Amino acid sequence: MTAQTPNPTPQSPRKEQRTLTWAERLYLPEVLRGLRNTWRHLFRKPFTIDYDGTERASPLKYHTPRPGYRGEHYLKKDEDGHVKCVACFMCAAACPAECIHIEAAPTPPDWKDRERYPVRFEIDLLRCIYCGYCEEACPVDAIALSPTYNLCSVTREEKIYNCEKLLADGERYGLSLSTHRYRPDGVPGATPAAQGSAH
Amino acid sequence: MSTETPSAPAPAAPPAPLGPLPKPPLGPLPKPPPGLMTLRVNGKDHFIDPRKYRTLIEALHELGYPIPHFCYHPGLEPDGNCRMCCVNQRDVKTGQPLMTLNLANQPFTSYPKPVISCREPLDPRGMVIETETPEVIKGRQWVMEFFLINHPLDCPVCDKAGECALQDYSFLHGNADSRFQETKVEKAPKELSAPEQDYGIKLWTDRCILCSRCVRFLTEVSGTSELYIVKRGDRSEIDIAPGHWLNNPLMGNVVDICPVGALLDRRLIFTYRAWYFRITRSVCPACARGCNIIVDADKQCVRRLRPRENRDVNLWWMCDYGRHDFHYVNAKERVLLCRVDGAATTDIQGATRQVGARLKEFAQADPQSVAGLVSAWLTLEELHTFRQLFETLGSRQIGALAQPSTKDEVFPKFRIEADKNPNRAGLQLIFGADVEKNTAALIEGIQAGRIKALYLVSSMPHYTPPPELLEALKKLQYLVVQDILSGPLADAAHALLPGAAFAEKDGVFVNSRNRAQLLRRVIDPLGQGHDDLAVLQRVLQGAGAPDAKLLSAREVFRRMGATYPVLAGLTHRELGHKGLVLGK
């Protein structure tokens, strides 16, 4: 390179090799010192948690995400027990990953409060990027992102959530009627069970 | 609309005060060329022909000034009830705004009088118009505010959202929030068509802004006058006489011209969102008139047809027969696979090659033992390729099928043609005027055993073959059928090839007034990716035609000028969106 860099990054000077003392060159005292550390930690309470796989049923057992955490979606119900969604496609229109698939239909005659509801509401969580735009776009506050942070599954089909699954998730969080965002304090079911968590 | 006078006490939070009136334009109007008039818009002079335009708004739109409007529609008589299109006019001589007296104030004051541009006739002596003065802009904001007082603002659940004039103008001219504190007047939705009818119009009464376009359309264009406005003031609503239903073959147009989501097609309610549609300009295939349409497709599915303006063909309208005649495109009965030797196959290249070779075998034994039947639903390019095929085979036995005609339906400003075939004129252009009369002779030839092989290209969605034809087809040694829907013809075939519906192909239709119009591909061909033209070209290759190539419809049409003098020099690009009359 002929052109000189105006402000060259200073190279860190090579650390001078410290000559080891005679005791250090023996190695044995150092090994024993390390072993002492090992034994000390062996009798302490572990930092890791015993992950028994039941976490799907109670997602907040081990860890409570911070407010505003964007995990898996859920749908809310209204006072009559119907899905709050009116199938307006605003979430699907706002979705940058195009992972929300809705089919709208006229409501059954006994739904007095509105004329339109989703006969099919599917979220392809494999495509979802958890940006939360769907929640912001929703004009009736029907969809929200839950604190469920565990996003793994065994099959691909499991990750395509339909309306029933999303409503059941909402019931499980006890958030189905709430009109505010998820908050860990004050919302039933959202308090962490494992107090000993070291996080 | 009220106006703030200078003496009125200022409100607590005045919304953007009116600026001073702009300076009058300098200088007298320039003298126009003979026959024209001078129209000065926002200080710029235009010379226009006053006889060409019905009212001021048409001239302004043509000159590129986007005057907002709700009640005005170029195809209907101007009404001037919405007051959205108001502009300022100045006196030509003095340059002062036209004033009106405000009788509500003592002593009387006067203020600039806006003119309703959709009702204002053009003055051949010259006009000075201002479209973007503070008064005009303020006036639009007030009009929008009044419209939105009782509008339910249910855009998320309204099907019109995304293509709604009220929504668009609210973004452009409206306020972010409403000052209206009182309760909105609630009006229940009502069915305008008989509930037991499968197709009809539903009225969301509360969304209506009473522009009266639907009322005027049904009075002027269809002449049936089913709808009218009842009650007064903010309780006014569109209604239909008790015991009567909205039921005429043009009623679908009121859904298109409704500027809001008040009138909706019952078949389409809640099935679409306008912003997902891919829009393609095409031609309606349902009759010989060839109404210019827009095909709205979502992914690979045709969802809606609606008319587009062509003042030489269909004005702004189309009939409901054509509007709803697209469900066969994505129907379950579509022929998607080829069938040769009694087995269905996806190998369309092999199947077409085999069909071409078999036809050639028959032709080599006796050229007149091979016959062809085309339909009046094929484009010019396809018919031309079919003709090339039979020139290659050496046979002249070509007949044609067509869907039966009904009766003309005549309305005051619209006519639905009796001939239900989109390209009968094109068929006669390619094969001569008496091609359909050959069909009887062909059937006779088949019955007599003179004709042994037949290539039948139908692609007609509503064709019921006559029993004598079906009877004759049984006697054939080799029958090739190319069709879009499975039915008796497809069942009778020894070799079946998939056809393409109107939304899957490019091409040219010639309508009953000899106007060549462009049909455009909307979705990919469902039959193994081949439309009718590609299938015919592959059969032509299989029949051993020299220099037979796979060409696009555009290229085939360009080359057709050499064969047909009336098409000489024409290309798809030249036909454009509105078509051209042939031989002119």
Side-chain angles (χ1 to χ4, degrees), chain A residues 73 75-80 82-124 127-128 132-144 160 162-163 166 179, chain B residues 151-164 167 170-171 176-178 184 186-193 195-208 260-278 296 298-301 303-304 330:
Chain A
H73 310 67
L75 283 176
K76 298 174 190 173
K77 286 183 178 175
D78 62 9
E79 287 78 0
D80 302 335
H82 303 139
V83 58
K84 268 176 120 178
C85 173
V86 292
C88 70
F89 289 70
M90 294 296 144
C91 50
C95 180
E98 297 186 5
C99 69
I100 304 180
H101 307 289
I102 306 173
E103 256 174 47
T107 47
D110 56 321
W111 295 29
K112 294 294 177 205
D113 55 335
R114 56 207 156 95
E115 293 164 326
R116 182 173 171 138
Y117 84 114
V119 279
R120 188 172 81 101
F121 191 105
E122 282 181 5
I123 301 184
D124 186 348
R127 298 192 68 163
C128 179
Y133 281 8
C134 48
E135 185 176 350
E136 284 191 34
C138 185
V140 292
D141 198 27
I143 190 170
I160 297 172
N162 61 13
C163 198
L166 291 161
T179 52
Chain B
H151 191 79
L153 294 173
D154 56 348
C155 303
V157 293
C158 174
D159 276 346
K160 200 78 171 189
E163 51 181 6
C164 170
Q167 215 179 23
S170 185
F171 275 110
D177 46 8
S178 171
K184 295 193 178 205
E186 285 188 15
K187 300 167 186 168
K190 47 191 163 192
E191 297 287 349
L192 297 182
S193 302
E196 62 272 13
Q197 203 176 323
D198 67 328
Y199 160 63
I201 308 279
K202 189 173 176 185
L203 171 69
W204 264 265
T205 322
D206 48 358
R207 289 178 191 156
C208 177
V260 295
L263 292 164
L264 289 175
D265 185 337
R266 219 156 56 194
R267 273 194 195 165
L268 291 175
I269 279 174
F270 301 155
T271 58
Y272 67 95
R273 296 260 78 178
W275 54 83
Y276 287 124
F277 281 154
R278 200 155 31 83
D296 289 324
D298 187 2
K299 300 195 178 75
Q300 291 296 316
C301 187
R303 304 302 287 273
R304 182 173 69 170
N330 295 94

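Just so it is clear: chains get the letters A, B, ... in the order the sequence lines come, proteins before strands, and each one is counted from 1. Computed from a prediction, not measured in an experiment: that's the story for all the values here.
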K.L.:
Sort A/Pro139 into side chain, backbone, both or neither according to what part of it lies under 4.5 angstrom from a heavy atom of chain B.
P.N.:
side chain
K.L.:
Roughly how far apart are A/Phe121 CZ and A/Asn162 CG, rounded to 0.5 Å?
P.N.:
11.0 Å
K.L.:
Is B/Arg304 salt-bridged to B/Glu163, cutoff N-O under 4.0 Å?
P.N.:
yes
K.L.:
Tell me, do B/Ile269 and B/Trp204 make a side-chain contact under 4.5 Å, heavy atoms counted?
P.N.:
yes
K.L.:
With a 4.5 Å heavy-atom cut-off, do A/Ile100 and A/Phe89 have their side chains touching?
P.N.:
no
K.L.:
Taking atom CD as the centre, does A/Glu98 end up with more than 12 heavy-atom neighbours from other residues, nucleotides or ligands that are less than 6.0 angstrom away?
P.N.:
no
K.L.:
Distance-only, no hydrogens or angles: does the A/Asp78 side chain make a donor-acceptor pair with backbone N or O of A/Asp80 under 3.5 Å?
P.N.:
yes
K.L.:
Taking 4.5 Å as the heavy-atom cut-off, does anything in residues 109-117 of chain A contact chain B, and if so which residues?
P.N.:
A/Glu115, A/Arg116
